[in-house]
A.B. asks: 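Got a structure for you, written out below as structure tokens; questions coming shortly.
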Amino acid sequence: MGLRKPPLHAVHDGRASFTEFGGWEMPVEFDSIRTEHAAVREAAGIFDVSHMGEIEVSGPDATTLMGRLTTNDVTELDPGDTQYACITDEDGIILDDTMVFRLPDDSGAQYLFVPNAGHDAQMYDRWVDYRDEWGLDATVENTTEEWAMLAVQGPDAPALAADASDGATRDVDRFGAAYLEVAGVRSFVSRTGYTGEDGFEFLCPWDDAEAVWSAFDCQPCGLGARDTLRLEMGFLLSGQDFDPDDEPRTPYEAGVGWTVDLDREFVGRDALEGVDSEGVDERFRGIQLLERGIPRAGYEVVDADGEHLGHLTSGTMSPTLGEPIGLGYLANEAAPPGTRVRVVVRGEPKQANVVTPPFIDT
């Protein structure tokens, strides 16, 4: 089976380099990661993130189905609200993380949630299987290849979004969402993001993606800059910072225990109650390397005697700080901020400090 391609693939072709990500062929770099990263921190950049999934849920039991399959409390959402949540298995292990949208009343569906790249079919099957097992009256639709998703992020993003929507996006608050006209295209607009900057996501019909993309006069950015931006903020990357097979973690280990509402019944709830009561052995932390080198996923973290303390799941040279930074899981005794550890880079232990992300203030 070939790679899936976003609707703007032909528009990007010849201008960007591409990479495989989650079964999609996506632009990884247009100019340079450093240029694109700086544009988002200092002005604005636009990303094609059409590889993200979209699942719509509607019907009389839509709220019950969403509530039993995500860790957060969807009943807290009013129409137009957005919520971050985890999707866990019976053991409380994160299968995916997601944004959940309570759709405006005129949308035709009640909820939209966004699985990570390549997870849409798996999550669709999960929702349908549990719906049938529990005998719930809900409709589940995988609309991933009906929607293009574009993200405009950076301090100039609010002004750019307002220009493209005749000012309509000014009424969208942080973690809010609405259906608006953008470049003449009815789009679902949310004000969240994955960079730490203010910004918007625009879901528009697949065939209208170019009109919306072309409405923004700012730096096009690829997945390379998206990764360095999220890493500076300490945001989790599915399949790398957690993965049910290769990096099985509960929300408490991954630093997102705040998404877990134990006052409800959901898949994984009983296991997570036990973890919450007993505590965790390892915690998700940041490290700043104090010596020359670049930390990478898989590198071991040790103490001064070479004893194992944990490992990294992500790492890069921070374009903003000009310093090498990483994320990973450390034993409790090494988790307090300021703890001096060593990261084994190409066989050589390099001194590093433990920090609590984010690495920068935005």
Side-chain angles (χ1 to χ4, degrees), residues 1 4 22-24 50-147 149 177 188 190 203 205-206 238-239 242-246 248-251 254 256 259-275:
M1 182 176 174
R4 301 161 80 181
W24 290 75
S50 299
H51 60 318
M52 302 297 286
E54 288 89 25
I55 308 287
E56 296 182 17
V57 184
S58 59
D61 294 328
T63 299
T64 300
L65 183 60
M66 290 299 301
R68 290 186 186 179
L69 290 175
T70 58
T71 57
N72 218 330
D73 184 3
V74 295
T75 66
E76 294 181 348
L77 296 174
D78 291 323
D81 286 349
T82 305
Q83 182 182 76
Y84 177 65
C86 292
I87 301 163
T88 52
D89 66 11
E90 292 284 359
D91 297 323
I93 299 299
I94 305 173
L95 300 176
D96 205 357
D97 61 349
T98 189
M99 297 300 292
V100 178
F101 301 93
R102 174 78 185 275
L103 294 171
D105 290 334
D106 62 348
S107 67
Q110 287 142 285
Y111 296 94
L112 167 70
F113 72 97
V114 179
N116 280 286
H119 289 196
D120 55 305
Q122 173 196 6
M123 290 303 145
Y124 170 80
D125 290 344
R126 184 176 181 81
W127 255 245
V128 169
D129 290 347
Y130 273 106
R131 177 200 64 187
D132 295 346
E133 179 181 333
W134 293 329
L136 298 176
D137 184 1
T139 299
V140 182
E141 296 180 86
N142 183 353
T143 57
T144 299
E145 296 194 8
E146 296 178 20
W147 295 105
M149 180 184 281
F188 181 67
S190 62
L203 274 72
W206 188 275
S238 173
F242 66 85
D243 184 277
D245 296 319
D246 298 329
R249 296 292 176 177
T250 68
V256 290
T259 68
V260 178
D261 181 357
L262 293 173
D263 293 329
R264 304 175 306 103
E265 291 298 328
F266 61 88
V267 175
R269 184 253 172 218
D270 292 346
L272 289 174
E273 183 179 42
V275 176

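The structure presented is a predicted model; accordingly, all values stated were derived computationally and were not measured.
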A.B. asks: Tell me the closest heavy-atom pair linking Leu65 and Val57, and the distance in Å.
C.D. replies: CD2-CG1, 4.2 Å
A.B. asks: Which distance, rounded to the nearest 0.5 Å, do you find between the CZ of Phe101 and the CE of Met66?
C.D. replies: 11.0 Å
A.B. asks: Please lay out, stage by stage, how Trp134 and Leu69 fare under the test side chain to side chain contact (heavy atoms under 4.5 Å, CB included).
C.D. replies: CA-CA 12 Å; Trp134 293 329; Leu69 290 175; 3.8 Å; yes
A.B. asks: Does anything in residues 261-273 pair up under salt bridge (Lys or Arg N to Asp or Glu O under 4.0 Å), and if so which pairs, sequence neighbours excluded?
C.D. replies: Asp261-Arg264, Arg269-Glu273
A.B. asks: Pairs of donor and acceptor atoms involving the side chains of residues 75-98, under 3.5 Å and at least two apart or interchain, shall be tabulated with distances.
C.D. replies:
unit_1	atom_1	unit_2	atom_2	d
Thr75	OG1	Asp73	OD1	2.6
Thr75	OG1	Asp73	OD2	3.1
Asp81	OD2	Asp78	N	2.8
Thr82	OG1	Phe175	O	3.3
Gln83	NE2	Asp73	O	2.9
Tyr84	OH	Asp97	OD2	2.7
Thr88	OG1	Val267	O	2.8
Asp89	OD1	Asp91	N	2.9
Asp89	OD1	Gly92	N	3.1
Asp89	OD1	Ile93	N	2.9
Asp96	OD1	Asn116	ND2	2.5
Asp96	OD2	Asn116	N	3.1
Asp96	OD2	His119	ND1	3.0
Asp97	OD1	Asn116	ND2	2.7
Thr98	OG1	Val114	N	3.1
Thr98	OG1	Val114	O	2.9

A.B. asks: After noting the C-alpha distance and the side-chain angles of Thr70 and Asn72, does the key distance pass the side chain to side chain donor-acceptor pair (under 3.5 Å) rule?
C.D. replies: CA-CA 6 Å; Thr70 58; Asn72 218 330; over 6 Å; no
A.B. asks: Out of curiosity, Thr64 OG1 to Arg68 CZ, how far, rounded to the nearest 0.5 Å?
C.D. replies: 6.0 Å
A.B. asks: Looking only at heavy atoms, which two atoms of Trp147 and Pro205 are closest? And how far apart?
C.D. replies: CE3-N, 4.1 Å
A.B. asks: Of the non-hydrogen atoms in Gly118 and Trp24, which two are nearest, and what is the gap between them?
C.D. replies: N-NE1, 4.2 Å
A.B. asks: Check whether any side-chain heavy atom of Tyr111 lies under 4.5 Å from a side-chain heavy atom of Arg102, and answer yes or no.
C.D. replies: yes
A.B. asks: When the aromatic ring centroids of Trp127 and Phe113 are compared, is their separation below 6.0 Å?
C.D. replies: yes
A.B. asks: Provide the closest heavy-atom pair for Phe266 versus Gly67 in the form atom of the first, atom of the second, distance.
C.D. replies: CB-O, 3.5 Å
A.B. asks: Minimum heavy-atom separation for Gln110 to Ala62, with atom names?
C.D. replies: OE1-CB, 3.7 Å
A.B. asks: I'd like to check Thr144 versus Met123 (side-chain heavy atoms, cut-off strictly below 4.5 Å). Are they in contact?
C.D. replies: no
A.B. asks: Do Phe188 and Pro104 come within less than 4.5 Å of each other through their side chains, counting heavy atoms only?
C.D. replies: yes
A.B. asks: Under a 4.5 Å cut-off applied to non-hydrogen side-chain atoms, are Trp206 and Glu146 in contact?
C.D. replies: no
A.B. asks: Quick check: do Met52 and Met99 have side-chain heavy atoms less than 4.5 Å from each other?
C.D. replies: no
A.B. asks: Quick check: does any side chain N or O of Thr259 sit under 3.5 Å from a backbone N or O of Thr71, one acting as donor and the other as acceptor?
C.D. replies: no
A.B. asks: Donor-acceptor check, side chain of Arg131 to backbone of Ala138, threshold 3.5 angstrom: yes or no?
C.D. replies: yes
A.B. asks: Looking only at heavy atoms, which two atoms of Glu54 and Leu112 are closest? And how far apart?
C.D. replies: CB-CD1, 3.7 Å
